[in-house]
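One structure below.
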There are 2 protein chains.
Amino acid sequence: MAKRVTDKPPPPERRSPCPVACALDVFGDRWTLLVIRDLVLGKTRFKDFAASPEGIPTNVLSERLSRLLEHKIVSQVSASEGSKHLAYRLTEKGRALLPIVGAMRDWSLAWEKGTLAQLGEAAATN
Amino acid sequence: MAKRVTDKPPPPERRSPCPVACALDVFGDRWTLLVIRDLVLGKTRFKDFAASPEGIPTNVLSERLSRLLEHKIVSQVSASEGSKHLAYRLTEKGRALLPIVGAMRDWSLAWEKGTLAQLGEAAATN
DNA sequence: TAAAATTACTTGTTTAATGCAAGTGAATAT
DNA sequence: ATATTCACTTGCATTAAACAAGTAATTTTA
């Protein structure tokens with residue numbers, strides 16, 4: 001029988017075709033969205049992510065960056081002119097996560113005491 | 001010295017005062033937001049959550065429901081008139097998670113192939 | 001330019017979380 | 001009264017996370 005679109009199964013690493021479940025398969029853990037947050041706030045280097053107050057272990061950071069590269073949510077570029085050090089940047093797909101991070105920020109500020117809005121994250125409001 | 005607002009530290013289970021980090025402390029795992037999704041879609045019973053296609057283990061479901069109750073994101077009510085079985089409902093705080101779930105849904109539908117919008121989730125669009 | 005420091009990791013080990021199968025007692029249905 | 005469903009709990013195997021060190025390749029400093 002010929003393939004039909006409706007026959008297309010979800011990739012094996014995906015728990016269901018539900019878009020919410022898919023999103024959680026990609027970034028549903030305690031660390032990935034914090035790296036995204038840092039990128040939104042303008043951080044670009046491994047050391048910058050590692051220096052964030054939550055204290056992500058470097059092995060976890062390394063693994064998460066690999067996953068984000070795989071999913072084309074971030075890309076690598078040279079840190080500066082002629083440098084061999086790398087910088088990470090959000091791709092368009094990565095920037096499309098901004099409404100999610102913004103909605104999470106808004107929810108916590110509205111409902112969880114002791115959370116504080118950071119300066120420089122005005123972009124997350126839209 | 002008298003207490004000042006700026007002296008108030010985040011609760012010990014919170015990694016930082018960042019609202020994004022706080023949100024992840026509350027529901028930053030592979031399962032919690034799927035339960036929220038089910039609640040948004042109108043499911044109310046333990047067995048309904050357990051029957052979702054992603055196949056949440058019952059011990060995990062049990063633990064997650066406890067946490068959601070603790071955080072006052074869901075509440076328990078009688079499943080039906082005079083019944084001793086329980087139903088779960090989103091509180092106002094829980095319904096405030098809708099924009100997050102909706103943004104995740106929109107992102108996956110836009111960027112991840114093979115995801116499918118479900119009927120009955122029109123409410124998540126706003 | 002040689003030495004010191006930084007960067008971006010990796011490796012090994014401990015600890016916690018997740019996943020799975022099975023079991024249980026109360027509630028409901030037959 | 002018996003069977004079935006419901007909402008869990010328990011025990012165990014597997015996987016992931018956390019923590020501490022170490023390392024090779026850069027970059028900075030003396």
Side-chain angles (χ1 to χ4, degrees), chain A residues 12-16 20-36 38-39 42-71 73-89, chain B residues 12-16 20-21 23-36 38-39 42-71 74-89:
Chain A
E13 69 278 4
R14 200 171 286 174
R15 289 173 288 177
S16 81
V20 179
C22 169
L24 291 169
D25 287 337
V26 175
F27 54 78
D29 69 278
R30 316 215 339 289
W31 293 111
T32 302
L33 284 177
L34 291 183
V35 177
I36 304 290
D38 284 349
L39 285 160
K43 295 180 180 177
T44 59
R45 304 284 298 272
F46 190 96
K47 68 167 194 300
D48 300 326
F49 309 136
S52 283
E54 293 84 13
I56 184 171
T58 57
N59 56 346
V60 174
L61 174 55
S62 185
E63 198 269 335
R64 289 313 188 293
L65 286 169
S66 303
R67 280 174 57 82
L68 289 172
L69 284 166
E70 269 180 44
H71 286 286
I73 288 168
V74 302
S75 61
Q76 285 179 323
V77 294
S78 181
S80 57
E81 191 66 31
S83 169
K84 286 186 180 169
H85 278 168
L86 296 169
Y88 297 90
R89 305 180 131 274
Chain B
E13 69 277 5
R14 200 171 287 173
R15 289 174 288 177
S16 82
V20 179
L24 292 169
D25 287 336
V26 175
F27 54 78
D29 67 280
R30 293 162 37 69
W31 293 110
T32 302
L33 284 178
L34 291 183
V35 177
I36 304 290
D38 284 348
L39 285 160
K43 296 181 179 177
T44 60
R45 304 283 296 272
F46 190 96
K47 67 168 194 301
D48 300 326
F49 309 136
S52 283
E54 292 84 12
I56 185 171
T58 57
N59 57 342
V60 174
L61 174 55
S62 186
E63 198 267 337
R64 293 297 134 72
L65 286 170
S66 303
R67 279 173 58 82
L68 289 172
L69 284 167
E70 268 180 45
H71 285 285
V74 302
S75 61
Q76 284 180 324
V77 294
S78 181
S80 57
E81 191 65 33
S83 168
K84 287 185 181 172
H85 277 167
L86 296 169
Y88 297 89
R89 305 180 130 275

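Proteins come first, then strands; the chains are lettered A, B, ... in the order of their sequence lines, and each starts at number 1.
- Summarising the geometry, the separation between CD on B/Q76 and P on D/dC6 is reported as 17 Å, rounded to the nearest angstrom.
- Counting to the nearest Å, the C1' atom of C/dT18 and the CG atom of A/L24 are 15 Å from each other.
- In this structure, B/L86 reaches the sugar-phosphate backbone alone: every heavy-atom distance under 4.0 Å involves primed, P, OP1 or OP2 atoms, never a base.
- Relative to the side chain of B/H85, the nucleotides C/dT28, C/dT10, D/dT27 differ in distance, and C/dT28 lies closest.
- Using modelled atom types, one side-chain atom of B/R67 and one backbone atom of B/V26 make a donor-acceptor pair closer than 3.5 Å.
- Regarding B/D48, its CG atom lies at a distance of 8 Å from the P atom of D/dA7, rounded to whole Å.
- Separation of atoms CZ (A/R30) and CG (B/D29) is listed at 9.5 Å; rounding is to 0.5 Å.
- Residues B/D48 and B/D38 are not in side-chain contact: their nearest non-hydrogen atoms beyond the backbone lie 4.5 Å or more apart.
- Remark: A/Y88 is not in phosphate contact with C/dT7, judged by side-chain N or O atoms under 4.0 Å from OP1 or OP2.
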Its contact letters, B for base, S for sugar-phosphate only and - for none at protein heavy atoms under 4.0 Å, make nucleotides 10-22 of chain D read BB-----SBB---
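- In this structure, B/E54 places its CD atom 16 Å from P of C/dT18, rounding to the nearest Å.
- Between B/K84 atom NZ and C/dG25 atom P the separation is 18 Å, expressed in whole Å.
- Side-chain contact check for A/W31 versus B/R15: some heavy-atom pair is nearer than 4.5 Å.
- For A/F46 and D/dT27, the CZ to C1' distance is 17 Å, given to the nearest whole Å.
- Shown here are the side chain to side chain contact (heavy atoms under 4.5 Å, CB included) partners of B/Q76, two or more places apart in sequence or in another chain: B/L69, B/L86, B/Y88.
- Look at A/S62 and you'll find a side-chain N or O under 4.0 angstrom from OP1 or OP2 of C/dT10.
- Atom CD1 of A/I56 and atom CZ of A/F49 lie 9.5 Å apart (nearest 0.5 Å).
- When rounded to the nearest whole Å, the span between CZ of A/R45 and P of C/dC9 equals 10 Å.
- Side-chain N or O atoms of B/S78 include one that pairs as donor or acceptor with a backbone N or O of B/S83 at under 3.5 Å.
- In this structure, the NZ atom of B/K47 is 18 Å from the P atom of D/dT4, given to the nearest Å.
- Across all strands shown, A/F49 has no heavy atoms under 4.0 Å from either base or sugar-phosphate atoms.
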